[in-house]
Every structure is written in structure tokens, then in C-alpha cells.
Amino acid sequence: MAYWLVKSEPSVYSWDQLVKEGSTCWSGIRNYAARLHLKNMKKGDGIFFYHSNEGMEIAGIAKVEREYFKDPTTDDERWVAVDIKAVRQLKKPVTLEQIKKNKQLSGMVLVNNSRLSVQPVSNKEWTSILKIAGEK
DNA sequence: GCCAACGTTGGC
DNA sequence: GCCAACGTTGGC
């Protein structure tokens, strides 16, 4: 199973909103690198939900509910979307600051390419972040 | 196919 | 609100 991280500005779509709705269609991605990751997502993969700009923290965990399909927000066949489902809120949100301070997470895409809105997370990174979040 | 100019993202 | 970093566009 693979792990991912998606970013959203809370003012546009927040973790709370995802929890309320249960699941949502992750669409509107218009970046080739991000699209590649969307296409690689498999059902059941874990997803960190990160708040950019405001909050700047990983708020919760979601999972891939439906693998990629044509993005409904455009007629262009080339863009894709996935459905994601809220799993649970982190005990303690993990802030960007904490991630930057942690040596094991210095290789994270979030740190090195802050603009990529859909990014892969390694098993190690996933575990480290859960630990920081107080999740064992 | 290169690269300058421009637009956007996101941390600060 | 500023600006650095990155991606995309378009002229050549």
C-alpha cells in the first residue's frame, strides 16, 4: 500500500468539510506531476490531508476510495480526479514546523517542493508523522 | 528545443 | 502583503 499527501487551503476546502461530507471528489488538479500521482493511487491507499497557507499542518488521514477517472470539472479528457474518504482526524495535527524540525522528514516533498499539491509519502515518512501526531 | 517572461502557489 | 520558487507559455 502506498501513501500520499494532498494539500488544500482550508478557505477553499478544509479537513472539517471532508469529515462532514465523509468523502469528496479530488478534482481540479492541473499539474502534470500531481496528475501522475493521482493516476498511481490505488484504492485503499493512505492520504495525509494538509492545510496550506492557513494552519500549515496535516489535519487528518483520508484514503483513496475510487481510483482515477476523468476530472468532472473539465471536458478535457487528459485531466483526472479521484474520490477520497475521511478516515480519522490526527490526535494532534502535525505542523510544517514540526516536519521541518524532524531529520527523518527532511526529504519530504512537502519540504522540498512546497508547491506540488499531490505528492507521494514514503512508508518511513508516514510512520514518523503518525508518531509525531501521538498515534503510537 | 531553448529560454525569457509571466502567472501561481504558499511560506513567512 | 511580499517574494522566492516553480510551472507554463510562447517567441524565436
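So you know, we letter chains A, B, ... as the sequences are listed, proteins then strands, and number each from 1. Values in this document were obtained by computation on a predicted structure and should not be read as measured data.
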Answer yes or no: does a side-chain N or O of A:Y50 lie under 4.0 Å from OP1 or OP2 of B:dT9?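 Indeed not, no polar side-chain atom of A:Y50 lies that close.
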
Check this one for me: any side-chain N or O of A:K7 less than 4.0 Å away from OP1 or OP2 of B:dG11?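 Indeed not, no polar side-chain atom of A:K7 lies that close.
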
Take a 6.0 Å sphere around NZ of A:K70 and say whether it holds more than 12 heavy atoms from other residues, nucleotides or ligands.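 Correct, the count exceeds 12.
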
[N] [atom2] sits how many Å from [X] [atom1], rounded?
{"X": "A:I99", "N": "B:dG10", "atom1": "CD1", "atom2": "C1'", "value": "14 Å"}
{"X": "A:K100", "N": "B:dG10", "atom1": "NZ", "atom2": "C1'", "value": "10 Å"}
{"X": "A:L5", "N": "B:dG10", "atom1": "CG", "atom2": "P", "value": "11 Å"}
{"X": "A:L36", "N": "C:dG7", "atom1": "CG", "atom2": "P", "value": "13 Å"}
{"X": "A:N53", "N": "C:dC2", "atom1": "CG", "atom2": "C1'", "value": "13 Å"}
{"X": "A:H51", "N": "B:dT9", "atom1": "NE2", "atom2": "P", "value": "17 Å"}
{"X": "A:K101", "N": "B:dG11", "atom1": "NZ", "atom2": "P", "value": "16 Å"}
{"X": "A:M108", "N": "B:dG10", "atom1": "CE", "atom2": "C1'", "value": "16 Å"}

Students often mix this up, so state it plainly: with edges at 30° and 60°, are the rings of A:W126 and A:F48 parallel, tilted or perpendicular?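 Judged by the thresholds at 30° and 60°, the geometry between A:W126 and A:F48 is parallel.
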
Please determine, for the side chain of A:R115, which listed nucleotide (B:dG11, B:dG10, C:dC6) has the closest atom?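 Output: C:dC6.
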
Proximal nucleotide (of B:dG10, C:dC6, B:dG11) relative to the A:E9 side chain: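 Side chain of A:E9 sits closest to B:dG10.
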
Side-chain donor-acceptor pair under 3.5 Å between A:D16 and A:S14, yes or no?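 Side-chain D/A pair, A:D16 to A:S14: absent.
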
Hey, are the side chains of A:Y32 and A:L36 touching, using non-hydrogen atoms and a 4.5 Å cut-off?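 No, every pair of side-chain atoms sits at 4.5 Å or beyond.
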
When all nucleic acid strands are considered with a 4.0 Å heavy-atom cut-off, which category describes A:L116: base, sugar-phosphate, or nothing?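 It contacts nothing in the nucleic acid.
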
